[in-house]
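Quick note: numbers below take in every heavy atom, side chains included, and nothing from hydrogens, waters or symmetry partners. Model, not experiment: these values are computed from the prediction.
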Amino acid sequence: MDSFLSQASIYLAAAVIAVPIAARLGLGSVLGYLAAGIIIGPILGLVGSEAEDLQHFAEFGVVMMLFLIGLELEPRALWAMRHHLIGLGGLQIFASTGLLAGAAIAFGHTWQVGLAVGLALSLSSTAIVLQTLSEKGLTRTGGGRATFSVLLTQDIAVIPILALLPLLATAPLTSLSHDGSIQRGDGAADAAHHSLSLVEGMPGWAVTLMTIGAVAFVILAGVYLTRPVFRFIHASNLREMYTALALLIVVGISFLMTLVGLSPALGAFLAGVVLANSEFRHELESDLEPFKGLLLGLFFITVGAGINYRLFLAEPGDVIGLALLVILTKGTVLYFVGKAFGLKGRNHWLFTLGLAQAGEFGFVLLAFSLQLNVVTPDLSEKLLLVIALSMLITPLLFILYEILSNRMKDAHVEHTPDEIDEEGTVIIAGIGRFGQIVHRLVNASGFKTVLLDSDMQAVQLMRRFGVKSFLGDPTRPELLKAAGIAKAKVLVVALDDQDNATKLVADARRNYPHIHIVARAYDRNHVFELYKAGANDIVREMFDSSLRAGRYVLENIGLSEYEAAQAEQTFYAHDRHTVRELAGHWIPGTPASENPAYIKRAKELEKDLETALLSLAEEHVKRSR
């Protein structure tokens with residue numbers, strides 16, 4: 001017990017220290033976990049052989065992650081991905097396996113060994129890649145979806161690969177009995193002796209039926225059993241039972257998949273997809289998310305702690321060279337596969353760099369290959385180190401992607417600006433949701449508006465509804481001149497881009513001092529920028545709607561409509577006064593949290609607001625007596 005507590009303290013302390021530091025440096029949590037493992041393992045020697053056992057346990061975090069991803073995907077969305085699953089994923093696996101197997105053969109290994117090595121190294125790290133994509137908000141991008149498709153295909157591919165490896169054994173480890181069942185011998189038998197399996201020794205047709213039956217059971221249970229079970233748990237009024245049920249679903253399905261020889265991660269993903277439309281989806285997500293994060297973090301730490309530093313120090317050139325060869329080979333395959341499937345720009349580089357490493361399934365396949373005598377212990381040890389090193393390099397590849405991404409301009413189709421042949425009293429720059437409402441109110445009141453936007457889709461949408469709009473960049477002086485800004489009375493700045501909005505306000509104020517400028521602001525800092533640029537009236541995006549929502553709250557907790565409206569008006573007037581006051585303390589480029597004078601004045605003004613609203617509340621109490 002003492003040993004367990006000491007080891008747990010070491011792992012948790014390493015994570016708590018290293019991960020926040022890595023996050024603050026912009027390196028991401030995955031690299032922090034890996035670095036923590038290296039520090040407590042190879043460098044300080046605080047942990048030892050238990051890291052490998054912990055790794056098998058922590059791999060369950062990958063299973064939970066795929067279950068949660070499945071919850072985000074409806075079956076229709078999965079069906080829509082079929083071309084990517086078969087095309088992108090299948091082509092990547094075959095091409096990477098072929099090139100890596102060829103490289104192994106070129107180094108003097110037999111074709112059986114080469115193929116086993118190619119298959120093991122062709123699979124990428126589901127844990128690291130999906131965690132990083134989620135952390136950086138890249139999951140829903142085109143490159144993120146393509147990357148996920150390949151990872152899912154690789155997870156499915158583990159099943160046929162495990163079935164293929166025994167055929168590559170240099171010794172006759174398998175044979176067929178007279179009844180058609182598969183008999184294993186030697187290492188394979190020893191490996192399977194203590195494992196639970198429902199299909200061991202069954203004929204091929206029976207294995208197929210058992211596998212199909214298990215998958216069908218998961219689907220039917222997800223559709224028909226989850227609702228009554230959740231209602232039963234709900235009747236207990238015990239919050240922890242929801243967590244227990246969520247864990248039971250994932251653990252139970254994983255165990256069932258293992259019994260029939262399928263991947264636990266694949267089974268969990270399938271269950272997640274089945275439950276994607278369930279009303280209990282968010283409950284399951286909230287219950288499992290903490291377990292997933294901790295287990296994945298533990299997995300990454302064990303990868304770092306399991307580095308064989310003696311072998312690395314003995315042959316650093318070979319290990320680093322092989323790891324870079326794997327990354328370069330897979331990266332080349334991914335680049336051309338992505339190009340063939342139409343990925344461009346940022347998405348293309350995310351797909352190429354994100355999947356270039358070897359992954360955790362490589363550990364499993366190499367261990368199985370070693371048991372089957374397909375690879376030698378020395379080769380297996382070196383390749384395990386190569387896989388771990390390539391996984392360690394992965395966060396650096398994502399940093400490289402961010403550097404490349406920041407240097408790229410968003411790809412867009414250039415459209416020829418319209419020739420503006422109308423002038424109006426009001427010019428509205430930007431016709432999104434905000435600009436449209438302003439236009440409808442002003443136009444319906446009998447005043448002429450001129451609508452400008454650089455987004456072709458927005459302009460076409462307005463034209464479909466019979467509203468004449470002009471395509472062009474409102475920040476260009478000649479465009480505003482053509483729209484009649486010299487004669488117009490009001491300019492409404494409703495651009496999405498904060499910098500462009502501020503630039504437009506400053507240019508318009510400098511060149512047309514007479515114009516009254518109404519500008520949309522993103523937040524209070526943007527208000528200060530627009531105020532300094534010369535805007536007359538500034539409207540924060542969410543301010544008025546949030547204020548109205550607050551009034552509804554007051555009306556429904558005891559205040560009359562009049563009293564709630566009074567509170568709303570008091571808050572509104574105080575906020576306008578606050579913004580003007582704080583504008584004098586605002587320093588461009590300095591966050592408000594690092595501006596002592598700003599913070600001090602903001603606190604004073606907040607106390608004034610509390611005093612004003614409390615006075616209203618006291619009047620309400622007096623009237624109610």
Side-chain angles (χ1 to χ4, degrees), residues 15 18-20 22-36 58-74 77-78 81 84-85 88-89 123-155 246 250 265-266 268-273 275-276 281-301 303-304 334 343 346-347 349-357 359-361 391-402 405:
V19 175
R24 288 289 296 271
L25 294 175
L27 301 177
S29 65
V30 174
L31 190 57
Y33 283 120
L34 293 170
E59 282 173 358
F60 197 68
V62 181
V63 176
M64 285 191 174
M65 178 171 58
L66 282 168
F67 177 75
L68 293 174
I69 290 172
L71 286 176
E72 298 291 334
L73 281 177
E74 295 183 3
L78 187 61
M81 293 168 56
H84 276 176
L85 290 173
L88 269 177
L123 306 181
S124 305
S125 175
T126 302
I128 291 179
V129 176
L130 289 185
Q131 176 74 4
T132 307
L133 288 177
S134 175
E135 189 176 291
K136 295 182 180 295
L138 298 170
T139 305
R140 297 187 181 276
T141 63
R145 287 192 295 269
T147 300
F148 172 70
S149 299
V150 171
L151 290 171
L152 182 56
T153 305
Q154 290 177 355
D155 193 36
V250 178
L266 178 61
F269 175 77
L270 177 62
V273 173
L275 294 172
R281 173 185 135 191
H282 298 296
E283 188 74 35
L284 289 168
E285 286 178 335
S286 61
D287 287 335
L288 291 177
E289 189 67 36
F291 293 98
K292 182 211 77 172
L294 283 173
L295 286 173
L296 281 178
L298 180 60
F299 172 77
F300 299 139
I301 292 178
V303 170
L334 290 161
L343 292 176
R346 292 184 175 92
N347 292 326
W349 282 111
L350 176 60
F351 179 74
T352 300
L353 296 173
L355 292 168
Q357 77 294 122
E360 56 275 357
F361 282 119
M391 293 169 70
L392 284 170
I393 295 173
T394 301
L396 302 179
L397 296 178
F398 275 98
I399 293 174
L400 175 60
Y401 158 76
E402 290 179 348
S405 178

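- Looking at heavy atoms from C-beta onward, Phe398 lies in side-chain contact with Leu133 at the 4.5 angstrom threshold.
- Once rounded to the nearest 0.5 Å, the distance linking CG of Leu355 with CD1 of Ile128 reads 12.0 Å.
- The two residues Leu334 and Ala356 have their closest heavy-atom pair at CD1-N, 3.7 Å.
- Across all non-hydrogen atoms, the minimal contact from Val19 to Gly32 is CG2-C, 4.0 Å.
- Of the inter-residue distances, the one linking Tyr33 atom OH with Leu298 atom CG reads 9.5 Å to the nearest 0.5 angstrom.
- A distance of 11.0 Å separates CG of Asn347 from CZ of Phe351, quoted to the nearest 0.5 Å.
- One finds the OG1 atom of Thr147 at 12.5 Å from the CG atom of Leu152 (value rounded to the nearest 0.5 Å).
- Between Met391 and Gly359, the closest heavy-atom pair is SD-C, 4.1 Å.
- Atoms CG and CG, from Leu130 and Leu138 in turn, are 11.5 Å apart once rounded to the nearest 0.5 Å.
- A distance-only check finds a donor-acceptor pair linking the side chain of Gln154 to the backbone of Ser124 [under 3.5 Å].
- With no hydrogens or angles considered, no side-chain donor-acceptor pair links Gln357 and Ser125 at under 3.5 Å.
- Formation of a donor-acceptor pair under 3.5 Å by the Thr153 side chain with backbone atoms of Ser149 is found in this model.
- The CG atom of Leu343 sits 6.5 Å away from the CG atom of Leu88 when rounded to the nearest 0.5 Å.
- Considering only residues two or more places apart in sequence or on other chains, Ala18 meets the side chain to side chain contact (heavy atoms under 4.5 Å, CB included) condition with Ala36.
- Applying the side-chain contact (heavy atoms from CB on, under 4.5 Å) test between Tyr401 and each of Thr132, Leu350, Thr352, Leu396 identifies Leu350 as the sole match.
- The nearest pair of heavy atoms linking Ala15 to Ile301 is CB-CD1, 3.9 Å.
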